[in-house]
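As the structure is a prediction and not an experimental result, all values here were calculated from the model. We name chains A, B, ... by the order of the sequence lines, and we start the count at 1 in each one.
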Amino acid sequence: MKNIRCRLILLFMLVLLCATAALTPAQDEVTLGFVYGSFAPQEKWEAYFEGFLEAHPNVTINYIPVPLDSWGDYTQKIVTTMLGGEQVDVIWNAIEAVPLMAERGVLRELDSFLESDPDIQEFLDDANPKLLEGLRWKDQQYLLPFAWNTTLIYYNKAVLEAAGLPEPPPDWTWDDFLEYATAITQDTDDDGINDIWGFHHNAWLWHLGPWLVSNGSFFLNEDFTEPWYDRPESIEALQFARDLIWEHGVGPSGSFNFREAFVAGTLGMMIDSPAGRQRLIPAGMSADDYDVVFFPSKSGEAAPGSQWGTDGYGITADSQHPDLAWEMVKHLVSVDVMSKLLSGEFASASAPARQSLASDPVLVAASPANYLRFYEVLANGRTVINAPYFAELAEIHDRYMSQVWANEMSVEDAAASIQADMEAVIAEN
Amino acid sequence: MQEAAITARGAILTRQRINRLALREAMAGYFFILPTLLSFLVFFLIPTISGLGMSLFDWDFFSEPEFVGLDNFSELARDKLFLRTLKNTALFALFATSGNVGLGMFIAIGINSIKWRWLKTFLRTAYFIPFVISTVVVALMFGFLLQESTGVVNYYLSRLGIVRIPWLSSSAWAFRSIVLIDVWKHVGFFTLIFLAGLQAIPSELYEAALVDGAGRRVRLTRITIPLLTPSLFFSLIIALIGAFQVFESMYVLTNGGPGDATRTVVMLLYREAFGSFNMGYAASMAVLLFFIILALTVTQVRLGDRWVFYR
């Protein structure tokens with residue numbers, strides 16, 4: 001009996017030894033955890049690492065997909081994943097998340113790498129300084145910019161032509177805009193229901209921000225410590241945006257597949273970003289079929305404006321291999337990788353952060369004629385809300401503006417409620 | 001006889017041997033239930049106790065938890081948004097449970113009265129299929145169908161001359177739509193429970209009632225429904241517990257809006273825990289919801305003694 005027990009113990013120890021040996025990696029083998037948005041399949045992200053893995057044969061990448069519904073939600077899921085014990089080294093995230101992740105100690109500051117690595121100077125010279133600045137928090141760099149977005153009004157050339165409209169001028173007014181939207185909106189079969197809509201927008205921050213900027217206001221002040229919903233310019237812009245649907249009837253209410261309608265020719269104008277082309281091209285729309293124009297302003301005299309956001313790559317504070325993670329970040333912002341944004345065939349089709357790529361022939365060929373207008377509004381635009389309490393502010397906006405969009409609340413009442421609730425959140429933080 | 005027992009075959013077993021056999025039998029029993037017991041401990045008991053403990057702390061995931069006693073609960077009582085979501089949840093539970101259980105029972109009675117076996121099988125399967133589809137898929141599907149301007153449902157309604165309904169974009173309609181979707185998805189499950197209950201009712205009772213001249217309505221109200229009360233009782237408890245935990249359909253379809261019209265306690269809890277990282281506050285919501293469900297279930301069980309008929 002004793003003999004059997006001894007043999008069993010020996011066998012168990014042997015199995016344990018083998019298992020340990022099998023699980024222990026060779027000393028120089030490293031796995032880096034990389035978090036990405038699962039809106040694009042993994043193979044599209046894997047394409048970004050061509051060259052990096054060849055240069056670092058000892059590195060294996062653990063791809064960690066995170067669903068991206070909103071930046072706040074995405075960031076919370078990343079933090080929860082990390083708190084759940086997943087080893088994450090490099091994160092792809094957006095400007096909205098920087099304050100929260102920096103304040104919570106999730107991200108490592110990159111200034112020490114920037115100062116000690118001369119190779120990065122070439123990128124710093126080429127990257128748009130506004131984007132670099134946007135990804136700083138409390139005087140420290142947390143992400144290196146990769147791509148950026150802003151919004152303009154997309155118009156379907158064929159729909160405008162059918163309505164007898166010339167292409168809109170860049171300095172158009174709200175009245176001009178309303179004339180265009182009214183002319184496009186049509187009930188083609190006389191059944192009392194519009195079949196072609198002039199314009200579509202939602203109550204989202206991303207859709208309403210440009211209306212505010214082009215009227216000399218925004219959701220909050222520059223450092224996001226004071227809501228601006230009670231400013232007359234804000235209320236006026238929100239009222240105009242709301243009236244397009246409920247007063248003038250040129251936009252559909254409720255949920256609406258606007259990109260599909262735009263491609264199908266049942267929507268004349270919509271709001272979208274440079275990344276919008278990625279969805280239009282596969283749907284059969286070429287860059288010649290549509291173009292982009294600035295948001296109209298009340299008088300037509302205001303400088304074209306919008307809001308912009310940027311994404312980038314950063315290193316987690318608890319990365320076990322920060323030096324290798326830095327090499328990975330440097331690779332991800334290299335010309336080779338960033339060039340993959342241009343064709344729209346990889347994970348993202350947002351505008352590249354490197355200024356030298358703005359006039360790249362591949363980008364020009366895949367973009368509408370007035371594509372450079374996106375760059376013009378970047379110069380005059382406001383950054384999207386990026387404060388540690390971003391998610392709370394966004395939720396307050398959505399709570400009340402969704403009621404305005406449902407025609408259940410007036411713009412004045414909603415603005416007053418948003419103002420009060422946002423002030424409370426800011427005071428609490 | 002105190003020291004030994006006589007087996008059926010006449011063999012004499014000592015008490016020590018009996019104890020050893022009993023122990024072995026007990027060990028085998030525990031061994032068989034070990035996987036279930038472990039999963040119960042890991043996925044239910046430990047999280048429940050942790051949640052109870054967490055509700056007494058102010059904790060944001062990143063810093064050290066701070067003991068605050070019952071502060072989170074007193075804050076809940078003052079939180080207008082929480083009270084609104086509690087009301088939404090209670091109303092949803094009321095309508096969804098009534099719809100699921102009531103409709104499920106009458107569909108089951110209808111199917112049971114069909115004489116063609118193939119039709120019975122077809123209808124039973126057809127009603128049950130939505131139950132096995134993921135709630136998120138169901139929500140996405142209805143999201144397309146119920147779009148106000150381009151949805152299929154409104155298209156056909158407009159063909160009939162009915163004005164377009166803001167199914168998901170108005171506060172009043174969004175709530176009703178989500179109840180309807182919930183009933184569409186779950187009614188098949190309750191139909192199946194009632195069908196099983198109907199199979200268990202002895203046919204002799206109906207035969208005797210027929211001999212006594214009882215009509216269809218009398219047979220329904222005096223035999224079928226009373227003898228279905230155990231199934232009804234079970235369905236009510238299950239439906240109510242499920243309804244109080246509703247999350248996915250509202251999260252996908254309306255994200256709680258417009259305003260907070262379709263925001264439920266679990267949605268708010270999720271936002272507090274994983275949006276604002278108020279883990280203690282979110283845990284206090286979970287604890288309160290647990291006790292509300294527990295109280296409702298205990299009340300139902302107590303009241304069940306008065307109206308549930310077990311043969």
Asks: What part of Asp60(B) gets closer than 4.5 Å to chain A, counting heavy atoms only: side chain, backbone, both or neither?
Replies: both

Asks: Chain A: which of Gly161(B), Gly143(B), Ser171(B) shares the most heavy-atom pairs with it under 4.5 Å?
Replies: Ser171(B)

Asks: Please classify the contact of Tyr155(B) with chain A as side chain, backbone, both or neither, using a heavy-atom distance under 4.5 Å.
Replies: neither

Asks: With chain A as the partner, which of Ser170(B), Ser63(B), Gly256(B), Ala174(B) has the greatest number of non-hydrogen pairs under 4.5 Å?
Replies: Ser170(B)

Asks: Report which part of Glu260(A) has an atom under 4.5 Å of a heavy atom belonging to chain B: side chain, backbone, both, or neither.
Replies: neither

Asks: Can you list the residues of residues 397-412 of chain A that sit under 4.5 Å from chain B, counting heavy atoms only?
Replies: Arg399(A), Ser402(A), Gln403(A), Ala406(A), Glu408(A)

Asks: What distance do Lys77(A) atom NZ and Phe274(B) atom CZ have between them, rounded to the nearest 0.5 Å?
Replies: 11.0 Å

Asks: By a 4.5 Å heavy-atom criterion (distance strictly below it), what part of Leu81(B) contacts chain A: side chain, backbone, both, or neither?
Replies: side chain

Asks: Distance check, rounded to the nearest 0.5 Å: Arg271(B) atom CZ versus Asp73(A) atom CG?
Replies: 12.5 Å

Asks: Check residues 144-154 of chain B and write down every donor-acceptor pair under 3.5 Å in which the side-chain atom is one partner and the other belongs to a residue at least two apart or another chain.
Replies:
{"unit_1": "Gln147(B)", "atom_1": "OE1", "unit_2": "Thr150(B)", "atom_2": "OG1", "d": "2.6"}
{"unit_1": "Gln147(B)", "atom_1": "NE2", "unit_2": "Asn257(A)", "atom_2": "OD1", "d": "3.0"}
{"unit_1": "Glu148(B)", "atom_1": "OE1", "unit_2": "Ser253(A)", "atom_2": "OG", "d": "3.3"}
{"unit_1": "Glu148(B)", "atom_1": "OE1", "unit_2": "Ser169(B)", "atom_2": "OG", "d": "2.7"}
{"unit_1": "Glu148(B)", "atom_1": "OE2", "unit_2": "Ser253(A)", "atom_2": "OG", "d": "2.8"}
{"unit_1": "Ser149(B)", "atom_1": "OG", "unit_2": "Ser253(A)", "atom_2": "O", "d": "3.3"}
{"unit_1": "Asn154(B)", "atom_1": "OD1", "unit_2": "Ile165(B)", "atom_2": "N", "d": "3.2"}
{"unit_1": "Asn154(B)", "atom_1": "OD1", "unit_2": "Trp167(B)", "atom_2": "NE1", "d": "2.9"}
{"unit_1": "Asn154(B)", "atom_1": "ND2", "unit_2": "Glu148(B)", "atom_2": "O", "d": "3.0"}
{"unit_1": "Asn154(B)", "atom_1": "ND2", "unit_2": "Ile165(B)", "atom_2": "O", "d": "2.9"}

